[in-house]
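The model shown is predicted, which means the values in this text are computed figures rather than measured ones.
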Amino acid sequence: AARSAPGTHPFHQIHVYFGNEACDLDSISSAVALAYAGARGRERKNSDVHVPLVSVPRSDARARTEALRALSWCGISLDDALCLDVPDHTILSHLSASGILGVHLVDHNALAPPLKHLQPHVVRIVDHHRDEGEMPHVCGAARRIAPVGSCATLVGEILINDGLLNTERADASLCRLIAATIALDTVAFDEDAQRTTALDREVFARAAACEVAARQRCGSESVPAAFRAIAEQGESPEALLHLLHQELEAAKFDQGHLTASELLARDAKSFAVRGTRKTLAIAAFSVPLADFAAKSDSQAALDTFALSREADAVILMTFIRSENGGLRRELGVAIPTEPHADGKLHSISTQPGLKVPLPQAVHHVITSLASELALNSLPALSEKDKPAGHSDHARCYRIAMYSQGNVAISRKRLVPLLLPKLELMYNAEA
């Protein structure tokens, strides 16, 4: 149908739903649930098609360990999902040219550069990040942006208003997906994480109650095998909250087997530095920075990652569970270096058009936030721990590594602290 001549499509409109470029569980589940609401809600049109899209290539999606776990609880395989591979870019472009494409953004409100051409086709935004003010034509009820713990909370609110989250007829898998995502994003309503609002609690309670009721209504044979152990213990919303969080967090932190390339790709976002043509990429994962740097492909992976995203600087953020069960963060700035005649690596200090290269500027701003982030320097990787071929690449990286004592500052909270300072620095130079 996507390749039919204009005017010959059997559909009135094709609605595509997708999350941000990091494509975490919140993005995936919100896209699935909002597409469900579009297809089953009060304003549905029988001639429309609603399609959730996983917003990364299929090869990258396999590194989303917690998302794969949650989808398995709903009987959904990644093989069943549509992913944003190269052919899908072509199809989206064709649909936009045909005039039948409606784009619904979840978990972000500014399109990544490769998808900017879809801006005129965006008809709805549901997000819990800072409003970037883009696509002002999406307004009123079609623009639901609120600072809650999880985008799935806002989608769940829409499902409730459409009568799709009730104990009499709600779909168990849908309720399970919404509840699981909120449980993970809010750290099971942990007050120290500072991620929970009253609406998060309200929507979770409704989704969990509907999930339990649906299981009781449909019988245990309807529960996917991957979820049965949890189902046997999670007979109340409170029990379900902690079980879902515990299982998903275990899956989320199970990343040691991933390559450096997979770690960088699994949860990354790019940010434009306003007033410049520079881009900052921030990759988040759950492996200590020293372990990442010691991986055999770390140097090549950093270079490929920066080039593929056209990123002028790369920040690495980790969220790690320590042996005593506590959570800790580490933060790193990847600073490009190059070999000189003396055989040593030196920081690159020149860049056309800018007095200060972006990696060094980022490092400067990060250190200026040391008190707020509670940063402490971590030792550099020793020579014996550096991967083989460490200095064989044309472009190598030194990672300035820090422990981050203020664990409440995630990427979502770091960006509003970091970008204004960078923008001020470059505007002052202009």
Side-chain angles (χ1 to χ4, degrees), residues 1-2 6-7 9 11-23 26-28 30-56 82 84 88-148 150-159 161-162 199 269-277 279 412 415-416 419-420 423:
H9 297 284
F11 314 117
H12 177 262
Q13 196 165 32
I14 295 179
H15 298 268
V16 176
Y17 301 73
F18 58 86
N20 62 50
E21 59 187 324
C23 195
D26 198 17
S27 280
I28 295 173
S30 294
V32 170
L34 195 60
Y36 180 94
R40 301 290 184 91
R42 292 169 180 158
E43 298 181 7
R44 69 183 183 277
K45 296 178 181 178
N46 291 334
S47 60
D48 286 359
V49 174
H50 300 265
V51 183
L53 185 67
V54 177
S55 54
V56 292
L82 290 176
L84 195 58
D88 298 304
H89 280 283
T90 304
I91 292 172
L92 285 174
S93 296
H94 183 89
L95 290 173
S96 63
S98 300
I100 63 169
L101 178 65
V103 174
H104 300 247
L105 302 185
V106 297
D107 205 21
H108 67 314
N109 61 82
L111 284 163
L115 298 174
K116 288 287 188 184
H117 65 284
L118 297 177
Q119 282 187 334
H121 304 280
V122 175
V123 297
R124 190 175 204 175
I125 296 173
V126 181
D127 187 27
H128 67 137
H129 297 91
R130 181 183 66 175
D131 192 343
E132 300 294 336
E134 298 191 12
M135 294 162 287
H137 67 278
V138 184
C139 55
R143 192 183 190 94
R144 179 69 169 113
I145 301 177
V148 296
S150 176
C151 184
T153 293
L154 301 177
V155 175
E157 179 186 46
I158 292 169
L159 291 166
N161 292 337
D162 275 354
L199 187 58
K269 291 183 180 180
S270 298
F271 304 89
V273 181
R274 292 175 180 171
T276 76
R277 295 182 178 180
T279 299
K412 179 181 174 182
V415 169
L419 286 183
E423 290 159 5

field: Intermediate values then yes/no, side chain to side chain contact (heavy atoms under 4.5 Å, CB included), Leu419 and Arg274
entry: CA-CA 8 Å; Leu419 286 183; Arg274 292 175 180 171; over 6 Å; no
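- Taken to the nearest 0.5 Å, the NE2 atom of His104 stands 11.0 Å off from the CD1 atom of Ile125.
- In this structure, the side chain of Asp107 does not engage the main chain of Gly19 through any donor-acceptor pair within 3.5 Å.
- Between the OG atom in Ser150 and the CG atom in Leu154 there is a gap of 8.0 Å [rounded to 0.5 Å].
- Of the possible polar contacts, one joining the Ser27 side chain to the Asn20 backbone as a donor-acceptor pair under 3.5 Å is found.
- Residues passing the salt bridge (Lys or Arg N to Asp or Glu O under 4.0 Å) test with Arg124, sequence neighbours excluded: none.
- A search for salt bridge (Lys or Arg N to Asp or Glu O under 4.0 Å) contacts involving Arg130 returns Glu132, not counting sequence neighbours.
- Proximity of a side-chain donor or acceptor of His137 to a complementary backbone N or O of Val122 within less than 3.5 Å is detected.
- Here Thr279 pairs with Ser270, Asp312 under the side-chain contact (heavy atoms from CB on, under 4.5 Å) rule; sequence neighbours left out.
- For the pair His128 (side chain) and Val148 (backbone), a donor-acceptor distance under 3.5 Å is present.
- Taken from CG in Asp127 to CZ in Arg144, the straight-line distance is 11.0 Å, to the nearest 0.5 Å.
- Residues forming a side-chain contact (heavy atoms from CB on, under 4.5 Å) with Asp131 (at least two apart in sequence, or on another chain): Asn109, Arg143, Ile145.
- Inter-residue side-chain proximity for Phe18 and Val54 is flagged as unmet; no heavy-atom pair is nearer than 4.5 Å.
- In terms of heavy atoms, Val126 sits closest to Cys151 at O-SG, 3.3 Å.
- Checking side-chain atoms of Asp26 against main-chain N and O of Ala152 turns up a donor-acceptor pair under 3.5 Å.
- Listed by first then second residue, pairs satisfying salt bridge (charged side-chain N to carboxylate O under 4.0 Å, His left out) with a partner in residues 12-23 read Glu21-Arg309, not counting sequence neighbours.
- Looking at Val155 and Tyr17, their side chains never come closer than 4.5 Å, going by heavy atoms from C-beta outward.
- Two residues are said to be in side-chain contact when any heavy atoms from C-beta on lie closer than 4.5 Å; Leu53 and Leu84 meet this criterion.
- Side-chain contact between Leu82 and Val16 is absent, with no heavy atoms from C-beta onward closer than 4.5 Å.
- Contact check for Leu111 versus Gln119: side-chain heavy atoms found under the 4.5 Å cut-off.
- Annotation for Ala142 and Val123: closest pair CB-O, 3.5 Å, computed over non-hydrogen atoms.
- Legend: residues meeting side-chain hydrogen bond (donor to acceptor under 3.5 Å, both in side chains) with His108, ordered by chain and number and at least two apart, are absent.
- Atom NE2 of His121 is separated from atom CE of Met135 by 12.5 Å, given to the nearest 0.5 angstrom.
- Taking 4.5 Å as the limit, some side-chain heavy atom of Lys116 sits within range of a side-chain heavy atom of Glu134.
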